[in-house]
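Below you'll find the structure, written out as structure tokens, and then a few comments.
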Amino acid sequence: MPDIKALLANAKPREGSTKILLDGQVAGEIERLEAELLQVSEDWQPSDLTEQHPGRKISERIAKLRKQAKASEAVFRFRYIGDEAYSSLLAAHPSKDPNEGFDSVSFPRALIAASCVDPVMSEDDVKALFEVVTQGQIKALFDTAWDVHNSSGLVPFSLAASALLGALGGGEK
């Protein structure tokens with residue numbers, strides 16, 4: 001039978017991470033060019049065999065912008081803060097609505113600030129970040145922080161990895 005002290009000595013807090021695209025302008029430009037490419041592809045009729053498809057230049061610009069967008073991605077890494085700290089954080093941000101467990105504005109900011117270990121952020125930093133990223137990105141950050149604190153202790157299953165190993169003749173051991 002395992003000794004609890006030995007188990008605790010090997011235990012590590014749960015971690016998780018998410019990538020956030022920080023250059024919203026480049027993302028918007030890619031979306032605009034994608035729409036332009038679709039329109040050009042539907043409308044273009046060559047006047048002769050030597051005419052080059054106008055979508056080529058648009059596609060090249062999209063490829064260049066995608067590299068720029070990838071370079072502006074930042075990984076945010078979260079770590080479980082422990083039961084007492086998490087309970088205190090929840091208690092410090094009560095909801096005004098009795099059907100909700102926490103304040104939906106202040107608690108996500110506080111949880112992200114408390115549990116993001118890379119980059120380390122204060123609540124003011126989180127608030128400033130929320131002014132330049134989208135609501136979808138805010139949700140992704142909060143969802144990762146939430147999952148680090150509320151997911152089960154099971155080993156995560158990777159469908160993609162299992163499928164690839166199966167196709168290549170390998171398998172999980």
Side-chain angles (χ1 to χ4, degrees), residues 4-5 7-39 58 61-164:
I4 188 63
K5 294 199 185 327
L7 292 174
L8 288 172
N10 292 319
K12 294 176 183 72
R14 176 97 175 190
E15 290 192 359
S17 63
T18 191
K19 280 186 184 178
I20 300 294
L21 175 67
L22 295 177
D23 190 340
Q25 290 178 336
V26 76
E29 181 64 6
I30 290 170
E31 290 171 356
R32 186 191 69 74
L33 288 170
E34 290 281 351
E36 185 178 330
L37 179 61
L38 180 63
Q39 189 65 48
I58 297 169
R61 178 77 178 130
I62 290 170
K64 183 178 176 184
L65 287 172
R66 284 184 52 80
K67 286 181 185 175
Q68 190 177 332
K70 281 286 207 191
S72 83
E73 285 181 331
V75 175
F76 289 79
R77 194 168 51 101
F78 296 88
R79 182 179 299 136
Y80 180 63
I81 61 175
D83 181 59
E84 285 189 37
Y86 183 70
S87 294
S88 295
L89 198 63
L90 273 170
H93 298 277
S95 175
K96 294 173 182 99
D97 181 347
N99 296 322
E100 298 290 324
F102 54 81
D103 183 278
S104 63
V105 174
S106 67
F107 179 71
R109 292 175 182 173
L111 182 62
I112 290 168
S115 62
C116 192
V117 294
D118 189 23
V120 173
M121 296 184 284
S122 67
E123 284 189 50
D124 286 339
D125 294 330
V126 173
K127 186 176 178 183
L129 178 64
F130 283 12
E131 291 300 318
V132 293
V133 298
T134 68
Q135 291 299 309
Q137 291 170 309
I138 291 169
K139 183 179 181 325
L141 289 165
F142 177 64
D143 286 351
T144 304
W146 178 265
D147 287 347
V148 162
H149 290 84
N150 293 283
S151 64
S152 72
L154 299 177
V155 175
F157 175 74
S158 173
L159 180 60
S162 294
L164 182 60

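In this chain, numbering begins with 1 at the start of the sequence shown.
- The side-chain heavy atoms of L22 and L129, taken from C-beta on, include a pair separated by under 4.5 Å.
- Residues F102 and L111 have side chains not in contact (no heavy-atom distance under 4.5 Å, counting atoms from C-beta outward).
- Of the charged side-chain nitrogens involved, at least one lies within less than 4.0 Å of a carboxylate oxygen, so that E36 and R32 count as a salt-bridged pair.
- Checked by atom type and distance alone, the side chain of S72 pairs as donor or acceptor with a backbone atom of A69 at under 3.5 Å.
- Applying the salt bridge (charged side-chain N to carboxylate O under 4.0 Å, His left out) criterion to E34, with sequence neighbours excluded, gives no partner residue.
- Nearest heavy atoms, L21 versus A27: CD2-CB, 3.4 Å.
- Considering only residues two or more places apart in sequence or on other chains, Y86 meets the side-chain hydrogen bond (donor to acceptor under 3.5 Å, both in side chains) condition with N150.
- Taking a 6.0 Å sphere around CD of E15, one finds it holds more than 12 heavy atoms contributed by other residues, nucleotides or ligands.
- Within the model, atoms CZ of F78 and OG of S17 stand 9.0 Å from one another, a figure rounded to the nearest 0.5 Å.
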Could you give me the CA-CA distance, side-chain angles and deciding distance for V133 and I138, then say whether side-chain contact (heavy atoms from CB on, under 4.5 Å) is met?
CA-CA 7 Å; V133 298; I138 291 169; 3.8 Å; yes
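- Interatomic distance, CD1 of I81 versus CG of L89, reported as 5.0 Å (0.5 Å rounding).
- By the 4.5 Å heavy-atom criterion applied to side chains, T18 and L141 are counted as neighbours.
- Judged purely by atom type and a 3.5 angstrom limit, R66 has no side-chain atom pairing as donor or acceptor with the backbone of I30.
- Using modelled atom types, no side-chain atom of D147 and backbone atom of T144 make a donor-acceptor pair closer than 3.5 Å.
- With a 4.5 Å cut-off on side-chain heavy atoms, K64 and R61 count as touching.
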